[in-house]
Number of protein chains: 2
Amino acid sequence: MRKQSSTNLENEIVINQGCGMAYTLKAIGGRWKPSILWQLVSGTLRYSQLKAVLPNISERILVLQLRELEKDGLVERTVYREVPPKVEYSLSPLGQTLKPVLQVLSNWGDAHRPL
Amino acid sequence: MRKQSSTNLENEIVINQGCGMAYTLKAIGGRWKPSILWQLVSGTLRYSQLKAVLPNISERILVLQLRELEKDGLVERTVYREVPPKVEYSLSPLGQTLKPVLQVLSNWGDAHRPL
DNA sequence: CGCATAACTTACATTTGTGTAAGTACTTAA
DNA sequence: TTAAGTACTTACACAAATGTAAGTTATGCG
């Protein structure tokens, strides 16, 4: 859990309020969110499928990241009340608007990273 | 200093090698890099000027971030051998190619963040 | 000499992010 | 009655990022 107050947190809040770019980067950045979003751009995936295409992610982190993406309104979580359970993740309409953004980031990286 | 080996580090390396988007986000993301780059898009700034326009950043972090941006080839550091010393920071040619990328990120954030 | 200035360094502390391993809930099928 | 499958939780440990405060270097000026 995060601390309720710290210089670190206050700086983050001030920056994100004042700068759209920082807000965007917070929403889609981090170790695993780019990979998760990239997978979901291609279409809906079940929890177990996400786990399978991201073999090195731990379940704990996968769930944490999905929850944050959901909280920010980028990803939708659909539960099917079946046995065994089935949960699907997909980009929300807002998440869909990220597609060109992700494409720009991907293009720049592929064009300019070493090798 | 970073550890020489850890699951965390290995995951980062694998992801960045395989995904241009992750590489880009690593290069421009974090708490302060977006703000630093945003300032430099408008033109060259001295160290003391950067410190002034980013009032909450600590000197230690400012220097660390500038060094990383320099290492990734996005920012150029020019030293004037004067007394008192003068050091200017500006976007490199590679850094200039980031301008449209940063603009896209900024636009999306301004359009979609709450409030 | 002693102070001022700019641009850093250094040592240390704190906060945040990520990883490991094991356990849970639910229901159907054997 | 027990095992199997899916989607998680929980408790804990470790790694990385960020922040604080003080010190350093070099030189010209009074």
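Chain letters run A, B, ... following the sequence lines, proteins first and then strands; every chain starts at 1.
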Answer yes or no: does a side-chain N or O of A/Y89 lie under 4.0 Å from OP1 or OP2 of D/dC8?
yes
Identify whether any heavy atom of B/K86 sits under 4.0 Å from a base atom; if not, whether one sits that close to sugar-phosphate; answer base, sugar-phosphate or nothing.
sugar-phosphate
Which is it for B/K33 and B/I28 under the side-chain contact (heavy atoms from CB on, under 4.5 Å) test, yes or no, and what are the steps along the way?
CA-CA 6 Å; B/K33 280 181 187 171; B/I28 69 176; 5.5 Å; no
Considering every strand and a 4.0 Å limit on heavy-atom distances, what is the contact class for A/R77: base, sugar-phosphate, or nothing?
sugar-phosphate
Tell me: CZ of B/R46 to C1' of C/dA6, nearest whole Å?
7 Å
Using only side-chain N and O atoms of B/Q65, determine if any of them is under 4.0 Å from OP1 or OP2 of D/dA17.
no
Measure from CG on A/L50 to C1' on D/dA7 and round the result to the nearest Å.
12 Å
To the nearest angstrom, how far is B/K26 atom NZ from C/dG17 atom P?
15 Å
Roughly, in whole Å, what's the span from CD in B/Q49 to P in C/dA6?
11 Å
Counting distance only, does the side-chain N/O of B/Q103 pair as donor-acceptor with the main-chain N or O of B/P100 below 3.5 Å?
no
Does a donor on one side chain and an acceptor on the other come within less than 3.5 Å for B/E76 and B/Y89?
no
For the pair made of NZ in B/K33 and C1' in D/dA17, what is the distance, rounded to whole Å?
11 Å
No-hydrogen, no-angle side-chain donor-acceptor test under 3.5 Å, B/E12 and B/N8
no
Single-linkage hydrophobic cluster A/V53~A/L37, side-chain heavy atoms < 4.5 angstrom
yes
Counting primed atoms plus P, OP1 and OP2 as sugar-phosphate and everything else as base, spell out the protein contacts along nucleotides 19-30 of chain D at 4.0 Å heavy-atom distance: B, S or - for each nucleotide, 5' to 3'.
BB------B---
B/L45 CG - C/dA7 C1' separation (whole Å):
15 Å
Rounded to the nearest angstrom, tell me the gap between atom CG in A/L54 and atom P in C/dG19.
11 Å
Ignoring hydrogens and geometry beyond distance, is a side-chain donor-acceptor pair present between B/E88 and B/Y47 at under 3.5 Å?
no
Figure out the CZ/C1' separation between A/R67 and D/dC8, and round it to whole Å.
8 Å
Look up atom CG in A/L40 and atom CG in A/L91, then write down how far apart they are to the nearest 0.5 Å.
5.0 Å
Side-chain N or O of B/S6 versus OP1/OP2 of C/dT18: is the shortest distance under 4.0 Å?
no
